[in-house]
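What follows is a short report on a single structure.
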Amino acid sequence: MTEIQVWNGEWMSKANDYCRRINAVTNHVAGSLDRTHSIEELAAVAHFSKFHFHRIFHALTGETVARMVTRLRLEGAAATLIYKKDHTVTRVAMDHGYTSSANFTKAFTKHFGCPPSAYRSLHPRTLEFSKNGKDMAANTSNDGVLEYRVEIVSQPVFELAYLRRIGGYEHREIDRMHRQINNWVKARDCEAKVSMSLGITWSDSHIAHEERWRYDACRAVKSGTKGDGLVGIQVLKEGRIAQLEISLAANDSYDLSPHWNWFLGSWLPTSGHELADSPSYEIYDEEEAKDRFTVRLCLPLMSPDAEYDHAR
């Protein structure tokens with residue numbers, strides 16, 4: 001007699017647990033794209049048997065581990081080509097795990113449809129930066145001072161509870177995720193002493209395909225908090241960040257793209273700072289006024305010593 005099993009609440013809980021563990025693998029790989037990862041290593045991160053890990057990963061993500069690593073490396077390389085104009089193609093190749101610029105160019109062209117040098121000069125975001133840089137520079141107050149003000153601050157380390165979305169950055173869905181993660185933290189009474197709600201934008205919408213965009217809705221939690229279900233735990237590293245505070249009317253579309261464009265296209269190239277190999281993120285106002293929406297855009301920066309070494 002064949003046993004028929006029904007998809008019930010217990011099975012759903014296990015499925016959520018699997019997704020959280022696979023997210024941990026993605027984070028692990030994204031943090032060290034310049035080296036090779038063995039199946040044994042990644043299976044250990046996910047707490048799966050090495051004999052079944054790859055099939056589970058492919059079933060839940062729709063891509064193989066090798067394909068994910070290649071995609072993340074090439075997306076990171078594409079971002080470097082756009083945001084770090086002084087980096088040669090050869091340096092970009094080496095920094096993203098390729099042994100030669102020829103191998104890198106071949107893989108890059110296959111993925112993006114054009115070689116790295118053409119991508120750098122003709123990508124719409126590069127052209128948009130050139131245009132917006134002029135437009136935004138003219139956006140001044142009566143005394144000639146730019147209305148935008150960027151601060152360089154020290155960000156302490158935080159442990160974050162997070163929910164991940166794969167797909168388009170839809171405001172309603174992201175808002176729902178933040179309410180869900182906030183409720184999860186409150187129910188467990190595990191909120192950090194310094195209350196903080198933020199969103200990590202792992203994917204540049206101008207580079208990655210929309211179906212692969214990654215966004216994490218996060219809440220700072222006490223050290224040692226354990227995730228469960230779909231909720232995982234990750235660490236926001238300490239370090240210097242460039243911070244730009246934006247205040248929008250509540251009836252605005254919440255479109256932060258023009259502000260990110262100015263931040264990356266006008267401020268960064270003339271700032272003398274280098275971006276660290278960490279995702280950008282947004283910190284949201286904890287006491288949001290009913291008629292305003294305030295958010296701090298954050299760019300992780302290299303340490304001064306690293307920037308000095310690069311300048312030499």
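Sequential numbering from 1 along the given sequence is applied to the chain's residues. What's counted below: heavy atoms across the whole structure, side chains too, no hydrogens, waters or symmetry copies.
- Rounding to the nearest 0.5 Å places CD of Glu151 at 6.0 Å from CD of Gln243.
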Working for ring pair (Phe, Tyr, Trp, His ring centres under 6.0 Å), residues Tyr18 and Phe48: CA-CA 9 Å; Tyr18 273 34; Phe48 286 128; 4.8 Å; yes
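- Side-chain contact check for His58 versus Met68: every heavy-atom pair is 4.5 Å or farther apart.
- A donor-acceptor contact closer than 3.5 angstrom links the side chains of Ser32 and His37.
- A donor atom on one side chain and an acceptor atom on the other are found under 3.5 Å apart for Asp204 and Tyr83.
- In this structure, CG on Leu60 lies 11.5 Å from CD1 on Ile166, to the nearest 0.5 angstrom.
- In this structure, Glu159 and Ser223 approach most closely via the heavy-atom pair OE2-OG, 3.1 Å.
- A distance of 9.0 Å separates OG of Ser197 from CD of Glu191, quoted to the nearest 0.5 Å.
- Note: His178 and Tyr215 have perpendicular aromatic rings, judged against thresholds of 30 and 60 degrees for the angle between ring planes.
- The minimum heavy-atom distance between Pro300 and Ser280, with the atom names listed, is CD-CA, 4.0 Å.
- When all heavy atoms of Arg212 and Thr61 are compared, the pair lying nearest together is NH1-O, 2.9 Å.
- Looking at every heavy atom in both residues, Pro115 comes nearest to Thr109 through CA-OG1, 3.3 Å.
- Scored by the salt bridge (charged side-chain N to carboxylate O under 4.0 Å, His left out) test, Arg71 finds Glu63, Glu75 as partners (sequence neighbours excluded).
- Placement of Ile200 and Val153 within a single hydrophobic cluster is found when ILVMFWY residues are connected by side-chain heavy-atom separations under 4.5 Å, directly or transitively.
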Would you check, one step at a time, whether the test salt bridge (charged side-chain N to carboxylate O under 4.0 Å, His left out) holds for Asp277 with Lys237? CA-CA 11 Å; Asp277 289 328; Lys237 297 178 181 178; over 6 Å; no
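- In this structure, the separation between OG on Ser271 and CG on Leu301 is 7.0 Å, given to the nearest 0.5 Å.
- Taken together through direct or relayed side-chain contacts under 4.5 Å among Ile, Leu, Val, Met, Phe, Trp and Tyr, Met94 and Val89 form parts of separate hydrophobic clusters.
- Residues Thr80 and Asp95 have side chains not in contact (no heavy-atom distance under 4.5 Å, counting atoms from C-beta outward).
- Atom SG of Cys19 sits about 11.5 Å away from atom CD1 of Ile56, to the nearest 0.5 Å.
- Looking at Asn16 and Arg21, their side chains never bring a donor and an acceptor atom within 3.5 Å of each other.
- With hydrophobic clusters built from ILVMFWY side chains whose heavy atoms lie under 4.5 angstrom apart, Phe263 shares a cluster with Ile152.
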Test His52 against Phe57 for side-chain contact (heavy atoms from CB on, under 4.5 Å), laying out the working first. CA-CA 9 Å; His52 305 290; Phe57 185 92; over 6 Å; no
Might you work through the side-chain contact (heavy atoms from CB on, under 4.5 Å) test for Tyr119 and Ile82, ending with a clear yes or no? CA-CA 8 Å; Tyr119 185 93; Ile82 293 173; 3.9 Å; yes
Step by step, would you call Tyr148 with Trp267 a ring pair (Phe, Tyr, Trp, His ring centres under 6.0 Å)? CA-CA 9 Å; Tyr148 284 120; Trp267 178 81; over 10 Å; no
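- Looking at Thr201, its side chain never comes within 3.5 Å of a backbone N or O of Ser203 through a donor-acceptor pair.
- Here the shortest heavy-atom pairing between Lys85 and Leu81 reads CD-O, 3.7 Å.
- Looking at Leu198 and Leu236, their side chains come closer than 4.5 Å, going by heavy atoms from C-beta outward.
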Are Trp202 and Asn27 close enough, and set up right, to give a side chain to side chain donor-acceptor pair (under 3.5 Å), and what steps lead you there? CA-CA 10 Å; Trp202 288 89; Asn27 289 359; 4.8 Å; no
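- At a threshold of 4.5 Å between non-hydrogen side-chain atoms, the residues Trp260 and Leu299 count as touching.
- By the ring pair (Phe, Tyr, Trp, His ring centres under 6.0 Å) test, His111 is found to be paired with no residue, residues two or more places apart in sequence or in another chain being considered.
- For the pair Ile39 and His54, the minimum side-chain heavy-atom distance is below 4.5 Å.
- Within the 3.5 Å criterion, the main-chain N or O of Asp189 finds a donor-acceptor partner in the side chain of Lys222.
- Ion pairing between a basic and an acidic side chain is recognised when a charged N comes within 4.0 Å of a carboxylate O; Arg188 and Asp228 show such pairing.
- Heavy atoms from other residues, nucleotides or ligands lying under 6.0 Å from CG of Asn182 number more than 12.
- Residue Tyr169 qualifies as enclosed at atom OH: its count of foreign heavy atoms under 6.0 Å is above 12.
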Pair His259, Leu248 - check side-chain contact (heavy atoms from CB on, under 4.5 Å), show working. CA-CA 11 Å; His259 308 290; Leu248 304 174; 3.8 Å; yes
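- For Thr105 (side chain) and Ala102 (main-chain N/O), no donor-acceptor pair under 3.5 Å exists by modelled atom type.
- By the neighbour-count criterion of 12 heavy atoms within 6.0 Å, atom CZ of Arg55 is sparsely surrounded, having that number or fewer from other residues, nucleotides or ligands.
- Atom CZ of Phe104 is separated from atom OG1 of Thr90 by 9.5 Å, given to the nearest 0.5 angstrom.
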Hey, mind stepping through Leu160 and Val235 against side-chain contact (heavy atoms from CB on, under 4.5 Å) and telling me if it holds? CA-CA 6 Å; Leu160 305 173; Val235 175; over 6 Å; no
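- Grouping the Ile, Leu, Val, Met, Phe, Trp and Tyr side chains by contacts below 4.5 angstrom, directly or via other members, places Val65 with Ile22.
- The shortest distance between side-chain heavy atoms of Arg164 and Arg214 falls below 4.5 Å.
- Hydrophobic clustering (side-chain heavy atoms under 4.5 Å, transitive across Ile, Leu, Val, Met, Phe, Trp, Tyr) keeps Val45 apart from Val231.
- Under a 3.5 Å cut-off, the side chain of Arg149 and the backbone N or O of Leu244 do not form any donor-acceptor pair.
- Put simply, the side chain of Lys226 never gets that close to the backbone of Ile233: no donor and acceptor are under 3.5 Å apart.
- Put simply, the side chain of Glu210 does not reach to within 4.5 Å of the side chain of Ser205, judged on heavy atoms.
- Between the side chains of Ser195 and Arg219, at least one donor N or O lies within less than 3.5 Å of an accepting N or O.
- Taking 4.5 Å as the limit, some side-chain heavy atom of His28 sits within range of a side-chain heavy atom of Glu41.
- The number of heavy atoms from other shown groups lying within 6.0 Å of CZ (Arg172) does not exceed 12.
- Asn103 and Thr99 share a side-chain donor-acceptor pair at under 3.5 Å.
- The two residues Trp213 and Ala208 come nearest to each other via the heavy atoms NE1-O, 2.9 Å.
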